[in-house]
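To start, the structure itself, in structure tokens.
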2 protein chains.
Amino acid sequence: MKESPRSNAEQSGSTPESALGTRDRIVRAASVLMQRQGYDGTGIKQIAQEADATLGSLYHFFPGGKQELATAAIDHGNREFVEALNASLDGAEDPARALAEFALGLADRLAESDWVDGCPISTTALGSVGRLPDVQSAAAQAFAHWRGLVSGALVKAGIARAEADELAHTVISTLEGAELAAQVSASRVPLEMAAKHLAQLVDAHR
Amino acid sequence: MKESPRSNAEQSGSTPESALGTRDRIVRAASVLMQRQGYDGTGIKQIAQEADATLGSLYHFFPGGKQELATAAIDHGNREFVEALNASLDGAEDPARALAEFALGLADRLAESDWVDGCPISTTALGSVGRLPDVQSAAAQAFAHWRGLVSGALVKAGIARAEADELAHTVISTLEGAELAAQVSASRVPLEMAAKHLAQLVDAHR
DNA sequence: GTCTATAATAGGATAGAC
DNA sequence: GTCTATCCTATTATAGAC
């Protein structure tokens, strides 16, 4: 048990940065910056500055340095995405339609952010392959988690577990790829097509 | 007309690096390194070293520096992917099967390279969004080009142009996302599922 | 076209006072 | 827990000889 002064709300809903503890501010800053600039494109000093923290504080909470911080940032992005995905899938009786609407929601978020707020982990994850084992492994776990959520929703809708697991792979892959293409092309179209075709694919398996 | 000493073959087939001109060696080294490490993770000096060239030569051919070189590397990766895609689609009468085999070929290449040889441009492209306009635009053009090739193959197989264009978006997105997931997870499964479901999706539209 | 040397700056990480 | 100052190395890019 740590005696942390945390009477304030610290859910990710819409807590003002100023009300968060130092550690959380650092993780959030790292998450946002690495999402947009990747691991190598984001500096430790930039993270500290954006988080209104000092280098001393940063290395106090993350003695493992940049790599440990990146792993925490991936975990944070994971939770963020899980929350959004659950909000779309939880009470939906038609998962095909729910997934399509989720994809269109991603397109909205992208367009509003001028195409920079894509998947919270893919940029960092892709740059970590074969080079940053802890980061890569955190990202792999996140992807597996997301597939699990999708598969669960498909099973609930009557699809057999084995088939649902297979479909979940393609659902997540297609969402990832479409978001990447949408960002690079600065266009909603890839995500709109993903929404349409994923719905068709899921419907074809019922 | 430039008077270049180029009696040697310079197709991308299997030319030994030593037989290439300095400029080509630099572009190839940049392409490979940025594919694996991204734009920010790859140093100009590392590129020069890997290409057996000096910094002076590098800046002679690319006075625009790293950004101009990255753009050339994207163009190179684009041509590489186009060649592979054409080889799979060109004489195929069944595009669904051809795309599935292409996806499995990507999985082979990935596994053989210990999951580092993924899409030649996606890492650099994703890291360029909103930060390196020339690089991003070259990547966007490449994606559009690939979609055009897929759409063409689908039209040849009897699918209406409008529908083929839509499907091509999802085909490329899914391949991109599945390759990303396969790399991060160090597993063939995402690409195997993409192969299966893309074939189903295309077949459902004939 | 190619080479070496170097300028100018930013990178990650640490030390030690408070 | 937080702060500043600093070490050491790497970075992109340029200069000017050859």
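Convention: sequence-line order gives letters A, B, ...; per-chain numbering from 1. Just so it is clear, the values below take in all heavy atoms, side chains as well, and ignore hydrogens, waters and symmetry mates. The structure presented is a predicted model; accordingly, all values stated were derived computationally and were not measured.
Atoms CD1 (Ile47(A)) and P (dG11(C)) sit 11 Å apart, rounded to a whole Å. Atom CD in Gln37(B) sits roughly 14 Å away from atom C1' in dT11(D) (whole-Å rounding). Between the CD1 atom of Ile26(A) and the P atom of dG1(D) there is a distance of 11 Å, rounded to whole Å. Taking atom CZ of Phe61(A) as the reference point, atom C1' of dG1(D) lies 7 Å away to the nearest angstrom. What separates CG of Leu69(A) from C1' of dG11(C) is a distance of 15 Å, to the nearest Å. Residue Phe62(A) contributes atom CZ, which lies 15 Å from atom C1' of dT2(D) at whole-angstrom precision. If you take CD of Gln49(B) and C1' of dA10(D), they are 13 Å apart, rounded to a whole angstrom. We find that NE2 of His60(A) is positioned 4 Å from P of dG1(D), with the value rounded to whole Å.
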Check against side-chain hydrogen bond (donor to acceptor under 3.5 Å, both in side chains), His205(B) and Gln200(A): CA-CA 10 Å; His205(B) 284 261; Gln200(A) 289 177 1; 2.8 Å; yes
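Side-chain contact between Thr123(A) and Met34(A) is absent, with no heavy atoms from C-beta onward closer than 4.5 Å.
Among residues at least two apart or in separate chains, salt bridge (charged side-chain N to carboxylate O under 4.0 Å, His left out) pairs with a member in residues 109-127 of chain B are Arg36(B)-Asp117(B). Applying the side chain to side chain donor-acceptor pair (under 3.5 Å) definition to pairs two or more places apart or across chains, those involving residues 126-143 of chain B are Asp40(B)-Arg131(B).
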Protein-nucleotides 13-16 of chain D N/O pairs under 3.5 Å:
| unit_1 | atom_1 | unit_2 | atom_2 | d |
| --- | --- | --- | --- | --- |
| dA13(D) | OP2 | Tyr59(B) | OH | 3.0 |
| dA13(D) | OP2 | Lys66(B) | N | 3.1 |
| dA13(D) | O5' | Tyr59(B) | OH | 3.4 |

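Crowding of Gln49(B) atom CD: a count of heavy atoms from other residues, nucleotides or ligands under 6.0 Å not exceeding 12.
Between Arg79(A) and Asp75(A) there is no salt bridge, since none of the side-chain N atoms of the basic residue sits less than 4.0 Å from a carboxylate O of the acidic one.
For the pair Thr22(B) and dG1(C), the criterion of a side-chain N or O lying under 4.0 Å from OP1 or OP2 is not met.
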